[in-house]
Amino acid sequence: MNAPFGAFEHPVVVAGGQVLTERGLERLDLVVHQGIVVELGASVDHPAGATVLDASGALVGPSFVDLHTHLREPGREQAETIETGTRAAALGGYGAVVAMPNTEPTMDTAAVVHMVLERGRNAPCEVAAAGAITVGRLGAQLAPMAELAALGVELFTDDGTGVQDGGVARRAMDYCRGLGVTYAEHCEDLAIAHGGCVHEGAWSALLGLPGQPAAAEEAMVARDLLLAATTGARLHLLHLSTAGSVELVRQAKARGVAVTAEVAPHHLSLTDASLKGYDPCFKVNPPLRPAEHLEALLDGLNDGTIDAVATDHAPHTPELKDLPFDQAPPGMLGLETAASITYEQLVAGRGATIERFFEVMATQPAKIARLDGTGARPFGHSVHGQRVAVGTTANLVVFDPEVRWTLEVDQLASKATNSPFSGARLVGKVRHCLLRGEPVVTDARSTR
Ligand code: DOR
C-alpha cells in the first residue's frame, strides 16, 4: 500500500455513512491514513489525532470525475481560474476534472498543456488536460498530438466547435488510434446549424430566435461513428443532447464500435421552454431541447447507452453573459450543482440505483479519462473512480441526498455566476470531499 503522490499525512475517520463497496451499499466507518483507506468496518478504532467526519444519513463513494470543465486559464481569468474552478469542483464533490482546451492560447502545444497541469498540481481537485485536435481549434492542421500525449493527455477535442472536415477528423482518429488516446467530439455540423443559437422548433419560432435542428448534432454523431469503425479509434461524444444521438450511439454500441458518450446535467433537467424570458443564462451549446429529448437522454443514461454525466462547466463574465440573447456566449456553470441535479433526475426521478449514480459521476468518467489507474500519469494524478475498499486511494465524496438548499449564485466558489439554477430549490448536496486523504471540503465548506 504505497501512499499516493501528494498524500495527506494525517488520519481521518469517515463515520456513519452508507459506503459504496464491491458488495453494494453498506453502513460502515472508514479510516484513511496517508491518502489510503486503511480500515473499513461497522465500527473502527479512531487513531490518535484523527479528524472525524460525520457521514450519517449520507452516501460515501468515489469522488466524482468531470470529463468536461472549462477552467478558462490561460486567457479568460476574469471568468474563472484554475484556483477558483478547482475549488468549485471540490465543493461539487469532484476529485478530478479534465480541463477543456478552448483557452487563449489554445491547449494545442506542450507548453500550454504543461502550464495548466503544473498550475493544477496542488489544487483541491486534480486537473487533467484535454488537448486540441487541431492547431488553434481551427479545424485544418493537426496539433502535435504525440507531444501532448507524452504529457499524459488522454483526450483530444476541439470542443466549442466540432471538426467540420471529415478528412481531418479521419486523420486525427488515425493518430489517436496509433497513440492509444481518445478522440472526443463536440458534435455540431456548422453548415446545418446555420448560425442557430437555440433548438429549431416551436420555441425558436415563437421567440423569433434562429434555431438549429437536432440534425446538426446527429449528422456529426453519425459521421464520427462511421469513422471510429473505419479507423478503430476510441471515440467519446461530448454533451449529447438529442434523442436521435442516443439512438445512433445505442446502435453503434450494439455493432461493437468503441464509443462512449456523456450528457450534461442541464440537458437532463431543462427544456427549451426555459428560453421564454430570453435570459442568456439558458443559452448553451448544444442548445436546450424539448422534453422528448430530455426523456431519451435520461433513458440512455439509465440503460448504459450514455456512459457518463459531464458538467460542461462554462463560466462567463457578466459583461458578456448579460448581452442580448443572440450576442451572449453560450455556456452555464455546472460543477457545484451537477451532483444534485443528476441525483434528482436520475435516482429520485428515474428510479436509477445509487450504484448507477456513482457509475455515471465517478467510475465511468474516470475510465474514459483513464484516471482509473490505466493511463500514463506523468503529473502524478492519483487513481479515481474506485469503489471503497481497504488499500484504495482516498478520493472520496460524502453526499447527503436529503438536504434541501437554495442556490445563491453569489455564494458559489466559481468566479462567475451564470448558473441557470440561480434561486432554485435543489435536493442533495456534497457534505465532505477528500482528495488523497485530505478533507478539502468539510460540512459543505472549502478548507482551502
Ligand atoms: O455552451 C457551451 N459553452 N458549449 C461549448 O461547447 C463551449 C462552452 C464554452 O466554452 O463556453
Side-chain angles (χ1 to χ4, degrees), residues 66-82 85 88 97-108 116 129-134 136-139 155-164 184-190 193 195-199 209 212 216-217 220-221 224 236-242 245 261-270 272 274-275 279-289 309-323 325-335 337-338 414-421:
D66 191 23
L67 288 167
H68 199 139
T69 307
H70 296 278
L71 288 174
R72 301 298 192 218
E73 189 175 346
R76 283 194 277 163
E77 290 85 353
Q78 313 91 309
E80 196 78 285
T81 63
I82 292 170
V97 297
V98 179
M100 287 289 113
N102 61 338
T103 48
E104 292 165 15
T106 306
M107 287 156 66
D108 60 3
V116 170
I133 294 171
T134 64
R137 297 170 44 252
L138 294 172
L155 286 177
F156 284 83
T157 180
D158 276 359
D159 181 58
T161 34
V163 175
Q164 300 301 306
E185 189 79 273
H186 166 120
C187 295
E188 182 183 10
D189 180 317
L190 291 176
C197 66
V198 296
H199 174 77
L209 291 167
Q212 59 164 278
E217 174 173 307
M220 198 171 280
V221 169
D224 280 2
H236 178 66
L237 300 172
L238 302 167
H239 48 46
L240 290 187
S241 69
T242 81
S245 296
E262 65 179 44
V263 61
H266 45 266
H267 288 124
L268 296 174
S269 54
L270 299 172
D272 56 351
S274 314
L275 304 170
D279 181 348
C281 234
F282 293 96
K283 181 174 176 182
V284 68
N285 191 18
L288 300 177
R289 311 270 185 192
V309 169
T311 65
D312 197 3
H313 178 82
H316 290 292
T317 58
E319 287 75 28
L320 289 178
K321 203 57 185 167
D322 290 347
L323 288 168
F325 194 95
D326 56 331
Q327 293 164 42
M332 6 176 107
L333 301 184
L335 288 169
T337 48
S414 178
K415 233 182 190 184
T417 55
N418 56 303
S419 170
F421 302 108

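Every number for a ligand or one of its atoms is a count from 1 in the order of the listing. If you read the sequence from its start, that first residue is 1, and numbering goes on from there. What you see is a predicted model; the values in this text were computed from it and never measured.
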List the steps and the verdict of side-chain hydrogen bond (donor to acceptor under 3.5 Å, both in side chains) for Thr317 and Gln78. CA-CA 7 Å; Thr317 58; Gln78 313 91 309; over 6 Å; no
For Asp159, check side chain to side chain donor-acceptor pair (under 3.5 Å) against everything at least two apart and list the hits. His68, His70, His186, His239
Closer than 4.0 angstrom, basic N to acidic O: yes or no for Lys415 and Glu73? no
Would you check ligand 1 and list the protein residues that come within less than 4.0 Å of it by any heavy atom, ordered by chain and number? His70, Arg72, Asn102, Asp159, Gly160, His186, His239, Val284, Asn285, Asp312, Ala314, His316, Pro330, Gly331
The criterion is side chain to side chain donor-acceptor pair (under 3.5 Å); which residues satisfy it with Thr311, sequence neighbours excluded? Asp66
Set of ring pair (Phe, Tyr, Trp, His ring centres under 6.0 Å) partners for His316, sequence neighbours left out: none
Whether Ser269 side chain and Pro265 backbone form a donor-acceptor pair below 3.5 Å: yes
